[in-house]
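What follows is one structure encoded as structure tokens, with my remarks underneath.
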Amino acid sequence: MPVDLRPIARALLSVSDKTGLVELARALSLRGVELVSTGGTRKALAEAGLAVKDIADLTQFPEMMDGGSRPCIPRCMAGCWRSAKIRA
């Protein structure tokens with residue numbers, strides 16, 4: 001594993017099974033990671049008292065397919081591909 005890892009600044013959390021979600025998000029938040037999420041996941045995090053941004057606020061892209069497709073919108077995917085290219 002490389003020793004020159006970049007710190008995580010933002011995490012996109014979107015899950016159907018919420019088991020362990022709050023614990024993971026809390027650990028990330030305590031390390032200064034900004035939390036971004038989708039509908040039901042965002043609601044669960046907010047109800048747990050965590051600061052979380054709705055992904056639509058960042059992407060300016062509307063919800064479709066009951067929210068299940070939002071992590072796959074162009075702005076999110078472009079960021080994932082860019083990050084993968086940087087690591088390669």
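We number each residue from 1, following the sequence as shown.
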| Which pair of heavy atoms, one from S37 and one from R42, lies closest together, and at what distance? | OG-N, 3.2 Å
| request: Output yes when a side-chain donor or acceptor of T41 lies under 3.5 Å from a complementary backbone atom of S14, and no otherwise. | output: no
| Taking all non-hydrogen atoms of both residues, which atom of E34 and which atom of R10 are closest, and how far apart? | OE1-NE, 2.7 Å
| Other than L45, which residues form its hydrophobic cluster under the rule that side-chain heavy atoms must be closer than 4.5 Å? | I8, L13, V15, L21, V22, L24, L28, V33, L35, L50, V52
| request: Determine whether more than 12 heavy atoms belonging to other residues, nucleotides or ligands lie under 6.0 Å from atom NZ of K43. | output: no
